[in-house]
Amino acid sequence: MYNGMSHSPQVSPLRRARTLRATAAAAALAAVLLTAGCGSSGGTTRGPEAAAAPLEGFPVTVDNCGVKTTYEEPPARVVTVHQHPAELMLALGLRSRMVGTAFPDSAVLPELKQDFEAVPELAEREPSFETVLDAEPDLVYGGYGSAFDEKEGRSREAFAGAGINTYLNREYCGKKQVTMEDTYEEIRTIGRIFGVPGRAEELVSGLRGDVDRAASAVGDEPEVPVFVYDSGDKSAFTAGGKSLGTELIRLAGGRNVFADLDDVFGDVSWEQVVDRRPEVIAIYDYAGAGSVGQKKKFLLSQPALADVPAVKNERFVVLPLTATLVGIRSAYAVGDLAGALHPGSFR
C-alpha cells in the first residue's frame, strides 16, 4: 500500500503543498518567458499572447454541488477516492492523469483491471488529508460524500486552501432523486473538465443504448416489487428514493418498495419489509459489509421473514455496489436486473 513520502516535522503538509505549487508555477513561468524570448530559425519570435493562448475548449467552469471551479487547462494529477470515479476516468482513457486512488469497493471491471492496478492505492478506505497531499494532486474526485468529510479534516475548503480543486459525484449533492441522466451528465462533465468531450459522448451513447435495449425488452411486463438489502441486522439499511438504485430497478421492470424513503440510503424496520412483501431482494455486494453468502444466510434464517415472497422463493439478485452508483457500471446493472426480474423476456 502506498504510504506517501515522509515530512520534515517543521513543515506542515499544507505549507508543503503550497510550496510545491509555488515552485512549479515559477518553473512554468520561466519556461514561458524563455520560449517567448527565443527566436525560431526564421527569426520570428512568439509574443506572450501566443505563449498564453488558451487550450481549445478551455477555460471550463463547473458548478459542482455548489462549488464553482474554473479549469484553465485539464487537471494533470488526480486522486480518486472510491472506485466508481476511478472506473469512470479509466473508461475515458485518462489513466495517465491519475496519481492515486483509494477505497476499492469490489472487483474492478475486467477491461479496466490492468489500468486500475497501475494506479497507486493510497488507502484501503478514505485516505487522510496528509496522504492525499503527499500524492501532489491538482484535483481530488470523490465518489461518496465521505471523501470530503470535514470531521476527518478532508473538507473541500481544506483542499481549496492547499490549492487543490475538488469534484464530488453528483449523487451526493443531495438535491433530488438521481436518474440515469445524471450518470450521462457526470460522464459529460468529467469529459469537459479533461478536454475529452468526444470520448465522453461516445461512452454515453454506448451506455444509453445498453439501457434502452434492456428497458425495451421488459417494457410490457408487470412491475416486480424489489427490496434492496445493503446490510444490517437489527434494522435493514436499504436504498431510498433518491438513490440511482431506485431508477435502475424501475428501468429493469421493477419497483423499489422503499422508493418513498426520502434519501439515498436509510434504515427501515424488518416489520416494514414484511408489510411491503417484496418478490425479489437485490443484495448489494461490497467489501466490508459481509459476504453475499452471509447476507443470504441471515435473510433465510429470520422467522419473521419466512413468508416474504422473495425469501420464501429464494429470489435474490446480487449487484456490486459500484454498479448502483453514478458511474459507468449503472448501465450494465439495468440489464442484469432486467434479466433477473423478467427472465422470460431474455430467452
Side-chain angles (χ1 to χ4, degrees), residues 17 20-21 24-25 28 52-104 108-109 111-122 127 132-133 135-144 147-148 156 159-160 162-173 180-208 322 325-331:
L20 286 168
R21 280 161 183 73
L55 295 172
E56 183 178 355
F58 287 83
V60 169
T61 298
V62 173
D63 189 342
N64 168 239
C65 301
V67 176
K68 186 172 288 188
T69 304
T70 296
Y71 299 87
E72 300 294 339
E73 60 184 6
R77 297 181 60 82
V78 184
V79 166
T80 58
V81 182
H82 305 116
Q83 188 172 333
H84 46 303
E87 290 190 340
L88 195 159
M89 287 195 61
L90 292 174
L92 287 173
L94 298 171
R95 158 67 190 91
S96 64
R97 309 295 179 89
M98 299 171 67
V99 296
T101 189
F103 207 155
V108 181
L109 286 170
E111 62 268 30
L112 303 178
K113 187 174 186 290
Q114 184 175 351
D115 281 343
F116 186 87
E117 291 179 347
V119 182
E121 183 179 306
L122 306 186
V132 175
L133 288 187
E136 301 176 14
D138 51 12
L139 175 68
V140 179
Y141 180 9
Y144 306 119
F148 303 117
R156 299 184 74 173
F159 282 116
I164 300 170
N165 292 323
T166 55
Y167 185 94
L168 177 62
N169 186 293
R170 68 186 57 221
E171 187 164 7
Y172 282 82
C173 292
M180 279 302 298
E181 290 302 320
D182 289 286
T183 290
Y184 304 144
E185 283 306 308
E186 181 87 355
I187 294 169
R188 290 188 180 107
T189 300
I190 298 302
R192 287 173 54 222
I193 289 173
F194 286 90
V196 291
R199 294 183 205 170
E201 284 301 332
E202 183 177 356
L203 181 57
V204 166
S205 178
L207 295 178
R208 190 188 291 275
T322 46
L325 305 168
V326 170
I328 62 168
R329 291 198 192 205
S330 50

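The structure presented is a predicted model; accordingly, all values stated were derived computationally and were not measured.
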Under the rule for ring pair (Phe, Tyr, Trp, His ring centres under 6.0 Å), what residues qualify as partners of Tyr141, not counting sequence neighbours?
Tyr167

So which heavy atom on Gly191 is nearest to which on Ala200, and how close?
CA-CB, 4.0 Å

Between the CG atom in Leu109 and the OG1 atom in Thr322, the distance rounded to the nearest 0.5 Å is 7.0 Å

Of all the heavy-atom pairs spanning Pro85 and Gly142, show the shortest one and how long it is.
CG-C, 3.9 Å

Qualifying residue, where the test is side-chain contact (heavy atoms from CB on, under 4.5 Å) with Asn64 and the options are Leu168, Asn169, Thr69
Leu168

Distance (rounded to the nearest 0.5 Å) between Phe58 CZ and Ile193 CD1
8.5 Å

What's the shortest heavy-atom distance between Phe116 and Ala86, and which atoms?
CE1-CB, 3.8 Å

From CA spacing to verdict: side chain to side chain contact (heavy atoms under 4.5 Å, CB included), Asn165, Asp138
CA-CA 6 Å; Asn165 292 323; Asp138 51 12; 5.9 Å; no

Counting distance only, does the side-chain N/O of Glu171 pair as donor-acceptor with the main-chain N or O of Val326 below 3.5 Å?
yes

With sequence neighbours left out, what residues match Tyr71 under side-chain hydrogen bond (donor to acceptor under 3.5 Å, both in side chains)?
none

With sequence neighbours excluded, what pairs up with Arg199 under the side-chain contact (heavy atoms from CB on, under 4.5 Å) test?
Leu92, Leu94, Val196

Indicate yes or no: does Glu87 engage Arg329 in a salt bridge with an N to O separation below 4.0 Å.
yes

pair Leu112-Ile328: side-chain heavy atoms closer than 4.5 Å
yes

Pair Leu90-Met98, side chain to side chain contact (heavy atoms under 4.5 Å, CB included): steps then yes or no
CA-CA 9 Å; Leu90 292 174; Met98 299 171 67; 3.6 Å; yes

So which atom in Gly195 and which in Pro197 form the shortest heavy-atom distance, rounded to 0.1 Å?
C-CD, 3.2 Å

Short side-chain to backbone donor-acceptor contact, Arg77 and Glu136, under 3.5 Å:
yes

Heavy-atom closest contact (Leu325 atom, Ser330 atom, distance):
O-CB, 3.6 Å

Do Phe148 and Val81 have side chains that approach each other closer than 4.5 Å (heavy atoms only, starting at C-beta)?
no

Between OG1 on residue Thr166 and CG on residue Leu139, distance to nearest 0.5 Å:
7.5 Å

Nearest heavy-atom neighbours spanning Thr61 and Arg192:
O-NH2, 3.5 Å

Tell me every residue that passes ring pair (Phe, Tyr, Trp, His ring centres under 6.0 Å) with Tyr144, counting only those two or more places apart in sequence or in another chain.
His82, His84, Tyr172

Can you list, pair by pair, the side-chain donor-acceptor contacts under 3.5 Å of residues 201-208, counting residues two or more places apart and other chains?
residue	atom	partner	partner atom	Å
Glu201	OE2	Arg188	NE	2.7
Arg208	NH1	Glu181	OE2	3.0

Yes or no on side chain to side chain contact (heavy atoms under 4.5 Å, CB included) for Leu133 and Ile164, after CA distance, side-chain angles and deciding distance?
CA-CA 9 Å; Leu133 288 187; Ile164 300 170; 3.3 Å; yes

Could you list all the salt bridge (Lys or Arg N to Asp or Glu O under 4.0 Å) pairs where at least one residue sits in residues 88-97, not counting sequence neighbours?
none

